Trainee: 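Have a look at this one before I ask anything.
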Amino acid sequence: MISTDIIIIGAGPTGLFAVFEAGLLKMRCHLIDGLPQPGGQLTELYPKKPIFDIPGYPSVGASELVDNLMEQIKQFEPGFTLNEVAESIDKLEDGTFIVTTNKGTRHHGKAVAIAGGLGSFEPRKPVLDNLDFYEDKGIEYFVKNPEQFRDKNVVIAGGGDSALDWTIYLADIAKNLTLVHRRNEFRGALDSVEKVQELKKQGKINLITPAEVEQLHGESRLEAISLKIDGGEIQKIDTDYLIPLFGLTPKLGPIASWGLEIEKNAIKVNNALDYQTNIEGIYAIGDINIYPGKLKLILCGFHEATLMCQSVYNRLNPGKKYVLKYTTVSGIDGFDGTRKEAEKAVVKAID
(Lines give C-alpha, C1' and ligand atoms only; values in the text may rest on other atoms or scores of the structure.)
Protein backbone atom coordinates (compact mmCIF):
# COMPACT_ATOMS: atom_id res chain seq x y z
CA MET A 1 0.00 0.00 0.00
CA ILE A 2 1.26 3.45 -0.96
CA SER A 3 0.74 6.07 1.78
CA THR A 4 0.79 9.84 1.35
CA ASP A 5 -0.93 13.04 2.50
CA ILE A 6 -2.73 13.94 -0.75
CA ILE A 7 -3.62 11.46 -3.48
CA ILE A 8 -3.81 13.42 -6.73
CA ILE A 9 -5.75 11.73 -9.52
CA GLY A 10 -4.42 13.19 -12.75
CA ALA A 11 -0.85 14.23 -13.58
CA GLY A 12 -1.66 17.10 -15.93
CA PRO A 13 -0.46 20.66 -15.29
CA THR A 14 -2.99 21.33 -12.52
CA GLY A 15 -2.12 18.11 -10.69
CA LEU A 16 1.60 18.80 -11.03
CA PHE A 17 1.31 22.35 -9.70
CA ALA A 18 -0.73 21.05 -6.75
CA VAL A 19 2.37 19.07 -5.75
CA PHE A 20 4.35 22.32 -5.54
CA GLU A 21 1.75 24.11 -3.43
CA ALA A 22 1.40 21.09 -1.15
CA GLY A 23 5.18 20.87 -0.83
CA LEU A 24 5.38 24.45 0.41
CA LEU A 25 3.07 23.32 3.22
CA LYS A 26 5.18 20.23 3.96
CA MET A 27 2.54 17.85 2.63
CA ARG A 28 3.46 14.83 0.53
CA CYS A 29 1.69 13.91 -2.71
CA HIS A 30 1.31 10.84 -4.88
CA LEU A 31 -0.15 11.13 -8.39
CA ILE A 32 -2.14 8.54 -10.35
CA ASP A 33 -2.59 8.82 -14.11
CA GLY A 34 -3.77 6.48 -16.85
CA LEU A 35 -1.13 7.75 -19.26
CA PRO A 36 2.40 6.35 -19.26
CA GLN A 37 3.97 9.75 -18.55
CA PRO A 38 3.06 12.96 -16.66
CA GLY A 39 1.58 15.92 -18.50
CA GLY A 40 -1.98 14.89 -19.29
CA GLN A 41 -3.42 16.30 -22.51
CA LEU A 42 -0.41 18.54 -23.00
CA THR A 43 1.90 15.56 -23.36
CA GLU A 44 -0.48 13.11 -25.02
CA LEU A 45 -2.32 15.36 -27.46
CA TYR A 46 -0.55 18.70 -27.84
CA PRO A 47 3.16 18.30 -26.99
CA LYS A 48 4.24 21.00 -29.45
CA LYS A 49 1.23 23.28 -29.06
CA PRO A 50 2.11 26.86 -28.12
CA ILE A 51 0.34 28.15 -24.99
CA PHE A 52 -0.13 31.89 -24.69
CA ASP A 53 -1.91 32.44 -21.36
CA ILE A 54 0.65 31.29 -18.79
CA PRO A 55 1.81 34.31 -16.74
CA GLY A 56 5.40 35.27 -17.48
CA TYR A 57 5.51 33.35 -20.78
CA PRO A 58 4.50 35.21 -23.96
CA SER A 59 4.49 31.72 -25.48
CA VAL A 60 5.53 28.35 -24.08
CA GLY A 61 5.36 24.92 -25.69
CA ALA A 62 3.08 22.40 -24.00
CA SER A 63 5.85 19.87 -23.41
CA GLU A 64 8.17 22.64 -22.21
CA LEU A 65 5.59 23.70 -19.63
CA VAL A 66 5.30 20.12 -18.40
CA ASP A 67 9.10 19.84 -18.17
CA ASN A 68 9.24 23.07 -16.14
CA LEU A 69 6.49 21.88 -13.78
CA MET A 70 8.31 18.58 -13.27
CA GLU A 71 11.53 20.44 -12.50
CA GLN A 72 9.68 22.72 -10.07
CA ILE A 73 8.27 19.82 -8.02
CA LYS A 74 11.34 17.57 -8.12
CA GLN A 75 12.50 18.96 -4.77
CA PHE A 76 9.35 17.64 -3.09
CA GLU A 77 9.87 14.08 -4.37
CA PRO A 78 6.28 13.18 -5.33
CA GLY A 79 5.36 9.57 -6.09
CA PHE A 80 3.77 8.47 -9.35
CA THR A 81 1.54 5.56 -10.33
CA LEU A 82 1.42 5.83 -14.12
CA ASN A 83 -0.35 3.82 -16.80
CA GLU A 84 -3.03 2.91 -14.27
CA VAL A 85 -6.55 4.30 -13.91
CA ALA A 86 -8.05 5.20 -10.53
CA GLU A 87 -11.04 2.89 -10.37
CA SER A 88 -12.51 3.32 -6.88
CA ILE A 89 -12.37 5.56 -3.80
CA ASP A 90 -13.30 4.27 -0.35
CA LYS A 91 -13.58 6.62 2.62
CA LEU A 92 -12.51 5.05 5.92
CA GLU A 93 -14.01 5.70 9.35
CA ASP A 94 -11.10 7.97 10.30
CA GLY A 95 -11.80 10.24 7.31
CA THR A 96 -8.88 9.02 5.21
CA PHE A 97 -9.19 7.38 1.80
CA ILE A 98 -8.16 4.29 -0.15
CA VAL A 99 -7.85 4.78 -3.91
CA THR A 100 -7.51 1.57 -5.94
CA THR A 101 -6.47 1.43 -9.59
CA ASN A 102 -7.57 -0.89 -12.37
CA LYS A 103 -4.39 -2.91 -11.74
CA GLY A 104 -5.11 -3.31 -8.04
CA THR A 105 -2.58 -0.78 -6.73
CA ARG A 106 -3.87 0.65 -3.44
CA HIS A 107 -3.12 4.15 -2.22
CA HIS A 108 -3.88 5.50 1.27
CA GLY A 109 -4.20 9.25 1.69
CA LYS A 110 -5.60 11.86 4.04
CA ALA A 111 -7.23 13.77 1.18
CA VAL A 112 -7.95 13.22 -2.50
CA ALA A 113 -7.63 15.83 -5.26
CA ILE A 114 -9.20 14.88 -8.58
CA ALA A 115 -7.31 16.74 -11.31
CA GLY A 116 -8.34 14.54 -14.20
CA GLY A 117 -8.69 17.26 -16.83
CA LEU A 118 -11.53 16.26 -19.14
CA GLY A 119 -11.44 12.70 -17.85
CA SER A 120 -11.14 10.26 -20.73
CA PHE A 121 -11.85 11.92 -24.05
CA GLU A 122 -12.10 11.52 -27.77
CA PRO A 123 -12.12 14.09 -30.57
CA ARG A 124 -15.40 15.38 -31.93
CA LYS A 125 -15.42 14.10 -35.49
CA PRO A 126 -17.14 15.69 -38.51
CA VAL A 127 -19.93 13.70 -40.13
CA LEU A 128 -18.36 12.73 -43.44
CA ASP A 129 -18.59 9.67 -45.67
CA ASN A 130 -15.54 7.38 -45.46
CA LEU A 131 -14.02 9.42 -42.64
CA ASP A 132 -12.66 6.33 -40.89
CA PHE A 133 -10.93 5.19 -44.10
CA TYR A 134 -8.85 8.38 -44.24
CA GLU A 135 -7.94 8.45 -40.54
CA ASP A 136 -4.12 8.28 -40.27
CA LYS A 137 -4.08 8.61 -44.06
CA GLY A 138 -4.44 12.37 -44.14
CA ILE A 139 -7.03 12.93 -41.42
CA GLU A 140 -5.37 13.96 -38.14
CA TYR A 141 -7.29 15.03 -35.04
CA PHE A 142 -4.23 16.16 -33.06
CA VAL A 143 -0.95 17.86 -33.89
CA LYS A 144 1.66 15.88 -31.99
CA ASN A 145 4.57 16.62 -34.31
CA PRO A 146 4.32 19.81 -36.40
CA GLU A 147 7.19 18.64 -38.62
CA GLN A 148 4.78 16.07 -40.04
CA PHE A 149 3.16 18.96 -41.92
CA ARG A 150 6.29 20.69 -43.20
CA ASP A 151 6.02 21.63 -46.88
CA LYS A 152 2.60 19.97 -47.10
CA ASN A 153 -0.80 21.26 -48.17
CA VAL A 154 -2.84 21.47 -44.97
CA VAL A 155 -6.47 22.35 -44.23
CA ILE A 156 -7.54 23.11 -40.66
CA ALA A 157 -11.27 23.06 -39.89
CA GLY A 158 -12.61 24.75 -36.76
CA GLY A 159 -13.18 28.08 -35.07
CA GLY A 160 -11.91 27.71 -31.51
CA ASP A 161 -8.60 28.36 -29.80
CA SER A 162 -6.93 25.17 -31.00
CA ALA A 163 -7.80 25.84 -34.65
CA LEU A 164 -6.54 29.42 -34.39
CA ASP A 165 -3.38 28.53 -32.46
CA TRP A 166 -2.37 25.79 -34.88
CA THR A 167 -3.12 27.99 -37.87
CA ILE A 168 -0.72 30.60 -36.47
CA TYR A 169 1.90 27.99 -35.62
CA LEU A 170 1.77 26.03 -38.88
CA ALA A 171 1.65 29.10 -41.15
CA ASP A 172 5.45 29.06 -41.41
CA ILE A 173 5.70 25.27 -41.67
CA ALA A 174 3.09 24.15 -44.18
CA LYS A 175 3.57 24.71 -47.89
CA ASN A 176 -0.01 25.89 -48.19
CA LEU A 177 -2.35 26.36 -45.23
CA THR A 178 -6.11 26.89 -45.31
CA LEU A 179 -8.40 27.58 -42.33
CA VAL A 180 -12.06 26.70 -42.82
CA HIS A 181 -14.82 27.67 -40.41
CA ARG A 182 -18.57 27.40 -40.74
CA ARG A 183 -19.09 30.93 -39.42
CA ASN A 184 -17.47 34.29 -40.04
CA GLU A 185 -17.04 34.77 -36.29
CA PHE A 186 -14.53 32.75 -34.25
CA ARG A 187 -14.84 31.46 -30.69
CA GLY A 188 -11.16 31.84 -29.81
CA ALA A 189 -9.18 34.63 -28.17
CA LEU A 190 -9.47 38.00 -29.89
CA ASP A 191 -5.69 38.35 -30.14
CA SER A 192 -5.49 35.01 -32.00
CA VAL A 193 -8.30 36.04 -34.35
CA GLU A 194 -6.42 39.25 -35.18
CA LYS A 195 -3.21 37.30 -35.86
CA VAL A 196 -5.04 34.95 -38.22
CA GLN A 197 -6.61 37.88 -40.07
CA GLU A 198 -3.15 39.46 -40.41
CA LEU A 199 -1.73 36.20 -41.80
CA LYS A 200 -4.52 36.24 -44.38
CA LYS A 201 -3.70 39.84 -45.36
CA GLN A 202 -0.04 38.89 -45.76
CA GLY A 203 -1.00 36.00 -48.03
CA LYS A 204 0.49 33.41 -45.66
CA ILE A 205 -2.77 31.49 -45.22
CA ASN A 206 -6.10 31.03 -46.95
CA LEU A 207 -9.17 31.79 -44.85
CA ILE A 208 -12.51 30.45 -46.09
CA THR A 209 -15.65 31.37 -44.14
CA PRO A 210 -18.44 30.52 -43.85
CA ALA A 211 -17.80 27.06 -45.24
CA GLU A 212 -17.86 23.40 -44.23
CA VAL A 213 -16.04 20.30 -45.40
CA GLU A 214 -18.52 18.39 -47.55
CA GLN A 215 -16.57 15.48 -49.05
CA LEU A 216 -13.21 13.69 -48.91
CA HIS A 217 -11.32 12.51 -52.00
CA GLY A 218 -8.43 10.13 -52.62
CA GLU A 219 -7.85 6.48 -53.56
CA SER A 220 -5.37 5.21 -50.97
CA ARG A 221 -5.06 8.37 -48.83
CA LEU A 222 -6.49 11.89 -48.66
CA GLU A 223 -5.77 13.92 -51.78
CA ALA A 224 -8.45 16.61 -51.79
CA ILE A 225 -11.56 17.88 -50.02
CA SER A 226 -14.74 19.54 -51.22
CA LEU A 227 -16.02 22.58 -49.35
CA LYS A 228 -19.58 23.79 -49.30
CA ILE A 229 -19.36 27.57 -49.31
CA ASP A 230 -22.14 29.71 -47.88
CA GLY A 231 -24.81 29.88 -50.51
CA GLY A 232 -24.23 26.35 -51.77
CA GLU A 233 -21.17 26.74 -54.01
CA ILE A 234 -18.86 23.68 -53.96
CA GLN A 235 -15.10 24.31 -54.02
CA LYS A 236 -12.54 21.52 -54.32
CA ILE A 237 -9.12 21.94 -52.66
CA ASP A 238 -6.09 19.70 -53.07
CA THR A 239 -4.63 18.82 -49.69
CA ASP A 240 -2.31 16.34 -48.01
CA TYR A 241 -3.87 16.73 -44.57
CA LEU A 242 -7.18 17.74 -43.04
CA ILE A 243 -7.06 18.58 -39.33
CA PRO A 244 -10.60 18.86 -37.88
CA LEU A 245 -10.34 20.68 -34.55
CA PHE A 246 -13.86 20.66 -33.15
CA GLY A 247 -12.96 20.01 -29.52
CA LEU A 248 -13.07 16.90 -27.37
CA THR A 249 -15.96 14.84 -26.06
CA PRO A 250 -15.23 14.23 -22.37
CA LYS A 251 -16.11 11.03 -20.54
CA LEU A 252 -15.77 10.81 -16.78
CA GLY A 253 -15.18 7.06 -16.80
CA PRO A 254 -15.00 5.46 -13.31
CA ILE A 255 -15.30 8.93 -11.67
CA ALA A 256 -19.02 8.92 -12.46
CA SER A 257 -19.58 6.04 -9.98
CA TRP A 258 -17.79 7.56 -6.98
CA GLY A 259 -20.85 9.22 -5.43
CA LEU A 260 -19.79 12.72 -6.44
CA GLU A 261 -22.30 15.34 -7.52
CA ILE A 262 -22.08 15.60 -11.31
CA GLU A 263 -23.32 18.40 -13.56
CA LYS A 264 -22.76 18.64 -17.33
CA ASN A 265 -20.27 15.79 -17.23
CA ALA A 266 -18.13 17.57 -14.63
CA ILE A 267 -17.77 17.46 -10.83
CA LYS A 268 -19.57 20.14 -8.85
CA VAL A 269 -17.41 21.90 -6.26
CA ASN A 270 -17.68 24.67 -3.70
CA ASN A 271 -15.76 27.46 -5.43
CA ALA A 272 -16.65 29.98 -2.72
CA LEU A 273 -14.26 28.22 -0.37
CA ASP A 274 -11.86 25.47 -1.43
CA TYR A 275 -13.09 23.44 -4.46
CA GLN A 276 -14.25 20.60 -2.24
CA THR A 277 -16.87 18.20 -3.61
CA ASN A 278 -19.98 16.96 -1.84
CA ILE A 279 -17.76 14.38 -0.10
CA GLU A 280 -15.62 15.99 2.60
CA GLY A 281 -11.94 15.47 1.92
CA ILE A 282 -12.35 14.95 -1.83
CA TYR A 283 -11.55 17.96 -4.02
CA ALA A 284 -11.80 18.53 -7.76
CA ILE A 285 -9.50 21.03 -9.49
CA GLY A 286 -8.85 22.03 -13.08
CA ASP A 287 -10.99 21.19 -16.10
CA ILE A 288 -12.72 18.30 -14.32
CA ASN A 289 -14.78 20.59 -12.07
CA ILE A 290 -17.69 22.94 -12.60
CA TYR A 291 -19.05 25.96 -10.73
CA PRO A 292 -20.67 29.29 -11.67
CA GLY A 293 -18.31 31.28 -13.88
CA LYS A 294 -15.93 28.35 -14.45
CA LEU A 295 -13.19 28.93 -17.06
CA LYS A 296 -11.28 25.93 -18.39
CA LEU A 297 -7.86 27.56 -18.35
CA ILE A 298 -4.59 26.18 -16.99
CA LEU A 299 -3.98 29.29 -14.89
CA CYS A 300 -7.43 28.83 -13.27
CA GLY A 301 -6.44 25.27 -12.41
CA PHE A 302 -3.27 26.60 -10.75
CA HIS A 303 -5.39 28.96 -8.62
CA GLU A 304 -7.76 26.16 -7.64
CA ALA A 305 -4.84 23.88 -6.73
CA THR A 306 -3.44 26.57 -4.43
CA LEU A 307 -6.68 27.05 -2.48
CA MET A 308 -7.24 23.29 -2.34
CA CYS A 309 -3.85 22.77 -0.68
CA GLN A 310 -4.57 25.49 1.87
CA SER A 311 -7.84 23.72 2.73
CA VAL A 312 -6.18 20.31 3.06
CA TYR A 313 -3.51 21.82 5.35
CA ASN A 314 -6.20 23.28 7.62
CA ARG A 315 -8.09 19.98 7.55
CA LEU A 316 -5.01 18.00 8.56
CA ASN A 317 -3.88 20.55 11.14
CA PRO A 318 -7.05 21.68 12.95
CA GLY A 319 -6.50 24.66 15.20
CA LYS A 320 -2.98 25.27 13.91
CA LYS A 321 -2.64 28.79 12.63
CA TYR A 322 -1.01 29.06 9.23
CA VAL A 323 0.50 32.38 8.16
CA LEU A 324 0.80 32.83 4.41
CA LYS A 325 4.37 33.61 3.37
CA TYR A 326 5.70 34.78 0.06
CA THR A 327 8.36 32.77 -1.72
CA THR A 328 9.81 36.03 -3.07
CA VAL A 329 10.94 36.79 0.50
CA SER A 330 11.19 33.44 2.28
CA GLY A 331 12.26 31.27 -0.63
CA ILE A 332 11.23 27.64 -0.74
CA ASP A 333 13.16 26.72 2.40
CA GLY A 334 11.59 29.64 4.24
CA PHE A 335 8.33 27.74 4.46
CA ASP A 336 9.70 25.65 7.31
CA GLY A 337 9.81 28.74 9.52
CA THR A 338 13.60 29.05 9.63
CA ARG A 339 13.83 32.42 7.94
CA LYS A 340 12.49 34.56 10.75
CA GLU A 341 14.55 37.57 9.79
CA ALA A 342 12.99 37.67 6.34
CA GLU A 343 9.54 37.58 7.88
CA LYS A 344 10.42 40.37 10.31
CA ALA A 345 11.60 42.46 7.37
CA VAL A 346 8.23 42.02 5.68
CA VAL A 347 6.33 42.99 8.85
CA LYS A 348 8.53 46.04 9.30
CA ALA A 349 8.02 47.08 5.68
CA ILE A 350 4.23 46.78 6.05
CA ASP A 351 4.25 48.79 9.29
Side-chain angles (χ1 to χ4, degrees), residues 6-23 29-54 57 60-74 76 78-87 99 101-102 105 107 112-124 141-145 160-162 165-166 245 247-256 258 265-267 269 275 282-290 294-306 308-309:
I6 306 176
I7 301 170
I8 301 176
I9 300 174
T14 296
L16 294 177
F17 188 71
V19 174
F20 176 76
E21 289 296 325
C29 295
H30 190 96
L31 300 94
I32 304 171
D33 200 291
L35 297 175
Q37 68 285 314
Q41 293 180 53
L42 298 189
T43 299
E44 182 69 8
L45 305 181
Y46 314 115
K48 299 298 181 181
K49 186 179 187 295
I51 302 173
F52 301 107
D53 57 2
I54 302 299
Y57 289 93
V60 60
S63 59
E64 180 186 356
L65 177 60
V66 173
D67 289 343
N68 289 344
L69 287 166
M70 289 293 290
E71 181 65 25
Q72 185 180 36
I73 67 175
K74 183 169 62 175
F76 298 122
F80 288 89
T81 298
L82 299 174
N83 216 20
E84 298 186 29
V85 176
E87 200 163 70
V99 176
T101 71
N102 60 325
T105 307
H107 308 75
V112 175
I114 302 172
L118 295 175
S120 59
F121 45 82
E122 59 183 30
R124 291 192 177 98
Y141 299 108
F142 307 107
V143 181
K144 293 187 177 181
N145 179 16
D161 285 314
S162 288
D165 289 348
W166 281 122
L245 296 175
L248 301 171
T249 300
K251 295 182 179 180
L252 288 177
I255 295 175
W258 291 349
N265 218 34
I267 303 171
V269 295
Y275 303 98
I282 299 181
Y283 302 76
I285 54 178
D287 288 355
I288 197 74
N289 72 17
I290 189 170
K294 169 69 178 181
L295 293 176
K296 293 183 182 293
L297 298 173
I298 294 175
L299 62 90
C300 293
F302 291 167
H303 163 78
E304 294 164 11
T306 303
M308 178 274 294
C309 288

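The figures here come from the full heavy-atom set of this structure, side chains too, leaving out hydrogens, waters and symmetry mates. Since the structure is predicted, the reported quantities are computational estimates derived from the model, not experimental observations.
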Trainee: Any non-hydrogen side-chain atom of P78 less than 4.5 Å from a side-chain atom of I73?
Mentor: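 Side-chain contact under 4.5 Å: yes.
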
Trainee: Would you indicate whether the side-chain heavy atoms of F76 and C29 approach each other to under 4.5 Å?
Mentor: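 They are not in contact (no side-chain heavy atoms under 4.5 Å apart), so the answer is no.
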
Trainee: Closest heavy-atom contact between I290 and A266?
Mentor: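 For I290 versus A266, the nearest heavy atoms are CB-CB, 3.8 Å.
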
Trainee: Roughly how far, to the nearest 0.5 Å, is the NZ atom of K296 from the CG atom of N289?
Mentor: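 If I round to the nearest 0.5 Å, the distance is 7.0 Å.
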
Trainee: Is there a side-chain contact between L16 and L31 in this structure, where contact means two heavy atoms from C-beta onward sitting under 4.5 Å apart?
Mentor: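 Yes; the side chains approach each other to less than 4.5 Å.
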
Trainee: Checking side-chain contact (heavy atoms from CB on, under 4.5 Å) for the pair L35/L82: CA distance, chi angles, key distance, verdict?
Mentor: CA-CA 6 Å; L35 297 175; L82 299 174; over 6 Å; no

Trainee: Taking all heavy atoms of A115 and all of T14, pick out the closest pair and write down the distance.
Mentor: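 What the structure gives for the nearest pair is CB-CG2, 4.4 Å.
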
Trainee: Calculate, to the nearest 0.5 Å, the distance between atoms CZ and CD belonging to F142 and Q41 respectively.
Mentor: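 F142 CZ to Q41 CD: 8.5 Å, rounded to 0.5 Å.
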
Trainee: Identify the two heavy atoms, one from G34 and one from V85, that lie closest to each other, and give their separation to 0.1 Å.
Mentor: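 Scanning both residues completely, I find the closest heavy atoms to be CA-CG2, 4.1 Å.
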
Trainee: With I114 as reference, evaluate I255, V99, V269, I8 under the side-chain contact (heavy atoms from CB on, under 4.5 Å) test and give the passing residue.
Mentor: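 With I114 as partner, side-chain contact (heavy atoms from CB on, under 4.5 Å) holds for just one option, I255.
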
Trainee: Say whether E84 and N102, considering side chains only, have a donor N or O and an acceptor N or O under 3.5 Å apart.
Mentor: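 Looking only at side-chain atoms, N102 and E84 do not form any donor-acceptor pair under 3.5 Å.
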
Trainee: Do W166 and L245 have side chains that approach each other closer than 4.5 Å (heavy atoms only, starting at C-beta)?
Mentor: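 They are in contact (side-chain heavy atoms under 4.5 Å apart), so the answer is yes.
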
Trainee: Nearest 0.5 Å, what's the CD-SG distance between E304 and C309?
Mentor: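 Nearest 0.5 Å value for the CD-SG distance: 12.0 Å.
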
Trainee: Side chains of V60 and P50: does their closest heavy-atom pair fall under 4.5 Å?
Mentor: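 No - every pair of side-chain heavy atoms lies 4.5 Å or more apart.
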
Trainee: Which heavy atom in A113 sits nearest to a heavy atom in M308, and how many Å separate them?
Mentor: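 Closest approach of A113 to M308, heavy atoms only: CB-CE, 3.7 Å.
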
Trainee: Run W258 and I9 through side-chain contact (heavy atoms from CB on, under 4.5 Å) and show every step you take.
Mentor: CA-CA 13 Å; W258 291 349; I9 300 174; 3.8 Å; yes

Trainee: CG/L42 to CG/L69 distance, rounded to the nearest 0.5 angstrom?
Mentor: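 Those atoms lie 8.5 Å apart.
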
Trainee: Can you list the residues that meet the ring-ring contact (aromatic ring centres under 6.0 Å, His included) rule with F17, with sequence neighbours excluded?
Mentor: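 By the ring-ring contact (aromatic ring centres under 6.0 Å, His included) rule, F17 matches F20, F302.
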
Trainee: So do H107 and T101 actually touch side chain to side chain, heavy atoms under 4.5 Å?
Mentor: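 T101 reaches H107 side chain to side chain.
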
Trainee: What pair of heavy atoms forms the shortest contact from L297 to D287, and how long is it?
Mentor: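 The pair with the smallest heavy-atom distance is N-OD1, 4.1 Å.
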
Trainee: If I take atom NE2 from residue H303 and atom CD from residue E21, how far apart are they, to the nearest 0.5 angstrom?
Mentor: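 It is 11.0 Å, given to the nearest 0.5 Å.
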
Trainee: Output all residues satisfying side chain to side chain donor-acceptor pair (under 3.5 Å) with N68, sequence neighbours left out; order by chain, then residue number.
Mentor: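 Scan of N68 (side chain to side chain donor-acceptor pair (under 3.5 Å), adjacent residues dropped) gives Y57.
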
Trainee: Could you give the distance from CD1 (I267) to CD1 (I288), rounded to the nearest 0.5 Å?
Mentor: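 Spacing of CD1 (I267) from CD1 (I288) equals 5.0 Å.
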
Trainee: Shortest non-hydrogen contact from I298 to P13?
Mentor: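 Taking every non-hydrogen atom into account, CG2-CB, 4.1 Å.
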
Trainee: So, using salt bridge (Lys or Arg N to Asp or Glu O under 4.0 Å) as the criterion, who are the partners of D165 when residues are at least two apart?
Mentor: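 With neighbours one apart ignored, the set is K49.
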
